[in-house]
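These notes are about the structure you will find just below.
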Amino acid sequence: MSDIRQLLGLHPHSPRLADFLLSIALPVPVVPEVKSYPDAVYFNYFSLGLSILFSPTGGYKPAPSLKLTDLKNDSLVLDSIYIYNVPKPTEHRAKGTSARAAELAFSTFPISPLILPINPVAHDKDGKARDRLPNLEIRPQTTGKDFVQILGEPDRKGGGAGPSSGSIGIWCEWSKDGIMVEFGGDEAKGPQAWERGKDAVWKIITIFSPA
């Protein structure tokens with residue numbers, strides 16, 4: 001698949017989604033861990049570094065803790081894709097109960113580079129046009145500076161040190177491109193996180209429909 005965003009809007013039982021998952025999980029298909037809530041259903045593929053969020057439609061409100069076979073597939077559409085870039089956890093780290101331990105349950109997404117086609121012309125907040133490369137190539141070592149050089153300044157950003165954000169790592173969102181990037185490592189937290197953030201490597205990329 002040339003653009004992973006083509007998966008957005010699909011149902012869980014879509015053949016296109018099944019083909020994509022099989023293409024990155026060969027030789028053995030991977031069964032997701034399902035986390036269901038009234039307003040969202042997550043399919044977590046830990047060994048693939050991938051989590052996909054389905055939104056209920058048509059008034060469907062999934063009950064908590066549903067199994068894969070209990071879901072109403074026709075009433076779910078793929079809303080967001082989460083791609084992870086984290087080291088494979090050791091056994092004692094994987095047993096943790098914190099949010100950090102849950103994050104470390106994911107391996108690194110197996111496709112590199114991940115190529116996302118983007119609009120070669122973007123406009124800044126003042127409406128000025130800016131030429132860009134036609135594709136964003138993402139590798140495990142891609143940093144904050146790399147993202148900004150290709151995508152331009154983000155539409156939204158947050159995290160870092162401070163009384164309102166605590167220890168949350170810095171993140172940037174390019175809403176018009178449908179891309180949010182969370183950064184990891186010491187560079188992304190603490191005092192002067194934004195000054196050091198240019199050297200921070202991405203941790204999680206969320207892909208969604210452009211605004």
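Worth knowing before you read on, the calculation uses all heavy atoms, side chains too, and leaves out hydrogens, waters and symmetry mates.
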Does some side-chain heavy atom of Val181 sit less than 4.5 Å from a side-chain heavy atom of Phe183?
yes

Apply the test side chain to side chain contact (heavy atoms under 4.5 Å, CB included) to residues Tyr45 and Ile52: give CA-CA distance (whole Å), side-chain angles for both, the deciding distance (0.1 Å), then the verdict.
CA-CA 8 Å; Tyr45 298 88; Ile52 49 182; 3.9 Å; yes

Keeping Asp19 on the side-chain end and Arg16 on the backbone end, is there a donor-acceptor pair under 3.5 Å?
no

Minimum side-chain heavy-atom gap Phe109-Leu50 below 4.5 Å
yes

Using side chain to side chain contact (heavy atoms under 4.5 Å, CB included), reason through Val34 and Val41 one step at a time and then give a plain yes or no.
CA-CA 7 Å; Val34 175; Val41 177; 4.0 Å; yes

With a 4.5 Å limit on heavy-atom distance, are the side chains of Phe147 and Leu136 in contact?
yes

Taking every heavy atom of Tyr60 against every heavy atom of Ser75, the minimum-distance pair comes out as CD2-CB, 3.5 Å

For Ser209 and Leu8 the tightest heavy-atom approach is N-CD1, 3.6 Å

Tyr42 vs Tyr82 aromatic rings, parallel, tilted or perpendicular, using cut-offs 30° and 60°?
tilted

Would you compute the distance between atom CZ of Phe43 and atom CG of Leu78 and round it to the nearest 0.5 angstrom?
9.0 Å

For the CD1 atom of Ile207 and the CD1 atom of Ile179, what is their distance to the nearest 0.5 Å?
6.5 Å

Using every non-hydrogen atom in the two residues, find where Ser80 and Thr206 come nearest and quote the distance to one decimal.
CB-CG2, 4.3 Å

Give, for atom CD1 of Ile150 and atom CD1 of Ile138, the distance between the pair rounded to the nearest 0.5 Å.
8.5 Å

Quick one, Pro38 and Pro56 - any side-chain contact, counting heavy atoms below 4.5 Å?
no

Do Ser36 side-chain atoms and Ala63 backbone N/O form a donor-acceptor pair below 3.5 Å?
yes

Interatomic distance, CG@Leu53 vs CG@Asp39, rounded to 0.5 Å, equals 8.5 Å

Are Leu151 and Arg132 close enough, and set up right, to give a side chain to side chain contact (heavy atoms under 4.5 Å, CB included), and what steps lead you there?
CA-CA 7 Å; Leu151 296 174; Arg132 306 190 299 184; 3.9 Å; yes

Check for me, please, whether Leu48 and Ile205 land in the same ILVMFWY cluster - side-chain distances under 4.5 Å, paths through other members count.
yes

State, with a plain yes or no, whether a side-chain heavy atom of Glu153 is found less than 4.5 Å away from one of Val148.
yes

Contact summary for Gly184 and Ala200, nearest pair of heavy atoms:
O-CB, 3.9 Å

Would a distance-only check, ignoring hydrogens and angles, find a side-chain to backbone donor-acceptor pair under 3.5 Å from Thr142 to Arg139?
yes

Does Arg196 use its side chain to pair, donor to acceptor, with the backbone of Lys189 at less than 3.5 Å?
yes

Is a donor from one side chain sitting under 3.5 angstrom from an acceptor on the other, for Asn44 and Ser51?
yes

Are any side-chain N or O atoms of Trp171 and backbone N or O atoms of Gly160, one a donor and one an acceptor, separated by less than 3.5 Å?
no

Do Phe106 and Phe46 make the cut of ring centroids closer than 6.0 angstrom?
yes

State whether the number of non-hydrogen atoms from other residues, nucleotides or ligands found under 6.0 Å of Asn73 atom CG is greater than 12.
yes

If I take atom CD1 from residue Ile111 and atom OG from residue Ser23, how far apart are they, to the nearest 0.5 angstrom?
5.5 Å

Please determine whether a side-chain nitrogen of the Lys or Arg among Lys176 and Asp155 lies less than 4.0 Å from a carboxylate oxygen of the Asp or Glu.
yes

Quick check: do Glu137 and Ile115 have side-chain heavy atoms less than 4.5 Å from each other?
yes

Which heavy-atom pair separates Ser47 from Ser107 by the least distance, and what is that distance?
O-CB, 3.7 Å

Evaluation steps, side chain to side chain contact (heavy atoms under 4.5 Å, CB included), between Val77 and Leu10:
CA-CA 5 Å; Val77 294; Leu10 297 181; over 6 Å; no

Interatomic distance, Leu116 atom CG to Leu114 atom CG [nearest 0.5 angstrom]
4.5 Å

Quick one: does Leu71's side chain get under 4.5 Å of Leu66's, heavy atoms only?
yes

So, do Phe208 and Asp177 sit near enough that their side-chain heavy atoms are less than 4.5 Å apart?
no

Looking only at heavy atoms, what is the nearest atom pair of Asp74 and Thr57, with distance?
O-OG1, 4.4 Å

Could you point out which residue of Lys157, Arg156, Glu173 forms a side chain to side chain contact (heavy atoms under 4.5 Å, CB included) with Met180?
Glu173

